[in-house]
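The next block holds one structure in the form of structure tokens; read it before the comments.
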Amino acid sequence: MALKGNLRDFSTTQLLNLINLARKTGTLSIQNNGNSAQMSFREGKLIYAFMGPEEDNHLAQILHNAGKLSEDQARIIQARAKGTSDKQLGHMLIQRGHITQSDIIQSVRQNVLDTVYKLFTWAEGLFRFEANALPSPGHITIPIDLESVIMEGSRRLKEWEILQEELPNLDICLRFTDRPDARLQNINLTVEEWRVVSFVNPRNSIRQIARANNLSDFEIRRIVYGMLQAGLVEIIRPPRPTPQAPARQSSTRQEILQEQGIDDPQSPAVKRSVVVRLIDRIRGL
Amino acid sequence: MQAVKMVITGPFSAGKTQFIGSISEIDVVSTERKISSSAEKVKDATTVAMDFGRITVGDDLVLYLFGTPGQRRFDFMWDILSQGMLGFVVMVDSTKPETFREAKRVLETFESYAATPYVVAANKQDMEDAWEPEDLRIILRLRPEVKILPCVATDKETVKNVLLELLYSILEEIDKVEKAR
């Protein structure tokens, strides 16, 4: 019988612990708000994982994400390698001298780990473990001990929680500080940080910047938090709604609520005279 | 009878109950319980649901003051308490820098509930190790138009001043709406 449930009740950490201790073999599938991920295990070791659509997890794409292939190279290889398995493609690239075996192993391993670490942040999602189901032989599998994955995942989860607390809202915008000492050319930034810097603009929300750079919520929070701490950028609070004359529809709604003696929780509708009376009363206390 | 509501919020042990107690004409209806968590044992009891104070303005008008529970596990109450509020006060214990991050979180959460005016009360300004209100403004990343006011929650005059400044801000907001019409 398949092991199934919701991450809300049984977290990724607990699932991986179970698979590790019981030395299970099979594939764990997770669905969460239209996102999906799969992790495969052999005798309690993680051997394969991917998230999202199949084409995003093509070997050419993984090598591009790891900086081993340029975007154009990855696109051309992916188009030409249709119907070729990852293993066959890997052999081909090694034979032609485009890449080494070590590059492929490291890139695939990193992709698997990145996928699993992202899953640690999923608080909810339907999961199902199919015992003995494994990826097709054409996939490149690399055995990884789960103990270290669980420890690193838990550490990242904690970091993620802190970042989530520091930057709860990604729909806010950033701008460069006016401080004269905040000169970007004197600061060492990673490639990803530079990409983010290039999008910093009062019109771009943090979420938009993340999408444009294909960064996860965790990654963009970490980068923006670092830049905020360094004083490079500052947050622009969303403008408070400009006071406007109430629309016809809303005044009608208010009239209906008043007729029924209901307080509108969205709009206290307090008159100026009421506030003036409150001021007089508190002054006189 | 028209009832208007203001919410007094802030981190655990910021002085919300005392603030309401200093100005309310009735004894604060407080739902305090003995604290069980050792980490939070800096005072004997804490607000688990809300504090409730009242200021009667006339036969037809009353102001209610609602204090929110400061502990995180009761923050499901915040949204409920914020509904229909005229404005809110964020209390900060100026002597406890370890609570400033939580104060910022509370402030941002309440800001997201409603676009109502608010002020920040820098409490315990009578203590020697209190942080300056303007230092708190920087720490809490307050916009220049948000007022941060020195306060001693047990001193009625400073509590009155905080509420009056909030009412002035509300008045300004109403005037803006009137002008826009």
Side-chain angles (χ1 to χ4, degrees), chain A residues 161-175 177-179 206 224-225 228-229 231 233-248 250-251 254 257-258 261-285, chain B residues 2-6 22-25 55-58 60-63 72 79-80 82-87 101-102 104-105 108-109 111-118 141-143 145-146 156-157 159-181:
Chain A
E161 283 167 354
I162 293 168
L163 289 171
Q164 172 92 356
E165 196 176 294
E166 289 287 343
L167 269 174
N169 182 5
L170 294 183
D171 294 314
I172 49 176
C173 302
L174 300 169
R175 70 172 168 222
T177 49
D178 296 331
R179 283 172 36 205
I206 297 176
V224 171
Y225 179 66
L228 283 167
Q229 292 305 306
V233 294
E234 59 190 15
I235 287 170
I236 305 172
R237 301 268 163 226
R240 294 173 83 86
T242 316
Q244 285 174 349
R248 186 78 194 150
S250 64
S251 63
Q254 218 155 32
L257 288 170
Q258 271 174 4
I262 300 168
D263 282 338
D264 182 359
Q266 303 306 319
S267 151
V270 171
K271 287 181 183 163
R272 193 178 198 285
S273 59
V274 168
V275 179
V276 172
R277 285 180 66 194
L278 288 169
I279 290 171
D280 289 343
R281 174 76 178 100
I282 289 173
R283 272 186 189 148
L285 281 172
Chain B
Q2 184 175 6
V4 288
K5 170 169 129 184
M6 283 185 188
S22 293
I23 195 105
S24 173
E25 65 194 17
I55 297 170
T56 306
V57 181
D60 57 341
L61 181 62
V62 64
L63 169 67
R72 275 188 181 208
D79 188 19
I80 299 165
S82 70
Q83 287 182 13
M85 64 185 171
L86 189 61
R101 181 187 285 177
E102 176 65 5
K104 191 168 141 263
R105 184 182 83 98
E108 285 173 350
T109 305
E111 250 190 332
S112 71
Y113 290 147
T116 50
Y118 66 92
R141 296 185 195 151
L142 296 180
R143 293 192 307 274
E145 67 270 24
V146 175
K156 191 176 178 180
E157 286 308 309
V159 171
K160 271 171 66 177
N161 183 52
V162 169
L163 287 180
L164 283 170
E165 289 296 338
L166 174 58
L167 286 163
Y168 297 145
S169 296
I170 293 165
L171 211 52
E172 281 169 22
E173 203 69 19
I174 291 173
D175 288 344
K176 276 189 209 164
V177 174
E178 290 295 321
K179 267 187 195 166
R181 278 185 179 168

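In what follows, chains carry the letters A, B, and so on, assigned in the order in which the sequence lines appear, proteins first and then strands, with residues in each chain numbered from 1. Source: prediction; values computed, not measured.
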Which heavy atom of B/Val4 sits nearest a heavy atom of A/Val274, and at what distance? CG1-CG1, 4.3 Å
In terms of heavy-atom proximity below 4.5 Å to chain A, should B/Lys156 be classed as side chain, backbone, both, or neither? side chain
Checking heavy atoms, do the side chain of B/Glu25, its backbone, both or neither come under 4.5 Å from chain A? side chain
Full working for side-chain contact (heavy atoms from CB on, under 4.5 Å) between A/Arg283 and A/Ile279: CA-CA 6 Å; A/Arg283 272 186 189 148; A/Ile279 290 171; 3.7 Å; yes
Answer with side chain, backbone, both or neither: which region of B/Leu167 has an atom nearer than 4.5 Å to a non-hydrogen atom of chain A? both
Please name the pair of heavy atoms, one in A/Tyr225 and one in A/Leu167, separated by the smallest distance, quoted to 0.1 Å. N-CD1, 4.0 Å
Keeping the roles fixed (side chain from A/Arg281, backbone from B/Thr56), state whether a donor-acceptor pair exists under 3.5 Å. yes
What part of B/Asn161 gets within 4.5 angstrom of chain A, counting heavy atoms only: side chain, backbone, both, or neither? neither
